Amino acid sequence: MSTMGERERITKNPIRVGFYDIERTIGKGNFAVVKLARHRITRTEVAIKIIDKTQLDAGNLQKVYREVDIMKRLDHPHIIKLYQVMETKNMIYLVSEYASQGEIFDYIARYGRMTEETARKTFWQILSAVEYCHNRNIVHRDLKAENLLLDSNNNIKIADFGFSNYYTAGGQLSTWCGSPPYAAPEVFEGKKYTGPEIDIWSLGVVLYVLVCGALPFDGCSLQALRDRVLSGRFRIPYFMSSDCESLIRKMLVLDPTKRYGVAQIKRHRWMQVEVPTAPPSSVPSSTSQPNEQILRLMQSLGIDSSKTRESIRMGSYDHHAAIYYLLLDK
Ligand SMILES: CC1(C)C(=O)N([C@H]2C=Cc3c(O)cccc32)c2nc(Nc3ccccc3)ncc21
């Protein structure tokens with residue numbers, strides 16, 4: 001019996017979630033699958049994270065709701081944008097921006113290490129997104145090459161706030177988070193931490209990966225990796241400039257109180273070589289004033305603009321908001 005081809009099946013009777021036609025799977029997690037989909041009206045590509053709530057215990061369900069709450073507060077050109085949240089009794093559908101070029105990890109695996117010029121442009125984008133989160137008392141806690149995605153213009157889009165949390169200046173977090181090669185020494189030692197300083201350590205590892213195409217700390221076992229990290233020693237290849245080495249050494253500092261902060265990184269010589277693009281935080285975020293042109297376009301599509309205005313203002317993340325954000329990003 002000839003099985004209907006996948007593409008033929010989708011065109012005949014597409015699998016739909018809300019106003020989206022599901023196209024293919026782009027990622028699988030423990031209790032979630034991520035699908036590439038296309039909005040039926042705007043034809044824009046989106047990524048939909050589909051979470052089966054029945055597979056989650058209370059703790060993990062709480063973590064999902066916290067991830068959604070944090071995503072709703074973030075509106076930055078280098079952070080994956082959440083467009084819409086749909087929830088049924090058993091499922092949650094998170095509709096968000098699709099980064100079509102995938103992981104920077106795969107980019108480096110394919111093209112090798114970056115020139116320091118490319119690494120600088122990339123690192124400025126990552127740093128501005130992390131600074132934006134820290135300024136909103138949000139710490140990512142799982143920064144790594146696999147979570148740094150690239151869009152069609154090769155711009156950075158930070159993904160996966162599944163480990164993120166709120167932090168306070170005097171407060172202390174203790175959860176063991178992130179991926180071991182990117183984890184700060186104090187995390188390996190099970191010490192409490194404030195928050196931003198463990199993102200800074202991970203950024204030091206990320207910068208090393210961008211410039212060297214390899215991890216600074218590695219090991220054939222968790223214990224071997226732990227020993228390497230706690231030694232604070234890592235190899236500097238011949239091709240790394242002394243300015244770059246100097247910056248990395250200021251981020252991969254064992255003592256979190258002596259580790260560089262975002263402001264110090266931005267002032268460092270290696271970062272100053274070119275005029276970085278204007279910090280995106282100066283770009284008016286879409287949640288401040290709705291874009292009248294988009295609202296008029298939606299009105300012409302027969303979509304009630306007062307309803308859209310309300311749903312943006314309320315942060316409803318419903319169909320009206322999704323169409324607005326999708327047209328905004330076009
Ligand atoms: C919704 C969201 C943020 C997400 O959860 N993922 C998943 C899915 C795969 C994956 C990964 O491989 C690494 C990190 C996040 C993810 C996304 N992946 C993409 N693009 C992509 C495109 C080709 C290959 C990998 C990722 N854009 C947006 C997202």
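Order of listing sets the numbers, starting from 1, for every ligand and every atom in it. Just so you know, these numbers use all the heavy atoms, side chains as well, and skip hydrogens, waters and symmetry mates. Model, not experiment: these values are computed from the prediction.
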Which pairs with one or both residues in residues 253-264 pass side chain to side chain donor-acceptor pair (under 3.5 Å), sequence neighbours excluded? E186-R259, D255-T257, D255-K258
Show me the pairs that pass side chain to side chain donor-acceptor pair (under 3.5 Å) and involve residues 196-207, at least two apart or across chains.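 Pairs touching residues 196-207 that pass the test: H134-D199.
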For the CZ atom on F188, are there more than 12 heavy atoms of other groups (residues, nucleotides or ligands in this structure) within a distance under 6.0 Å? yes
Could you pull out every donor-acceptor pair under 3.5 Å between side chains of residues 107-114 and any protein atom, sequence neighbours left out?
none

Do you see a donor-acceptor pair shorter than 3.5 Å between the side chains of N90 and D52? no
Residue by residue, ordered by chain and number, which ones reach under 4.0 Å of ligand 1 with a heavy atom?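 Lining ligand 1 at under 4.0 Å, by heavy atoms, one finds I26, G27, V34, A47, I80, S96, E97, Y98, A99, G102, E103, E146, N147, L149, A159.
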Once you measure the plane-to-plane angle for Y325 and Y83, does it fall in the parallel (<30°), tilted (30-60°) or perpendicular (>60°) bin?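 It falls in the parallel class, under 30°.
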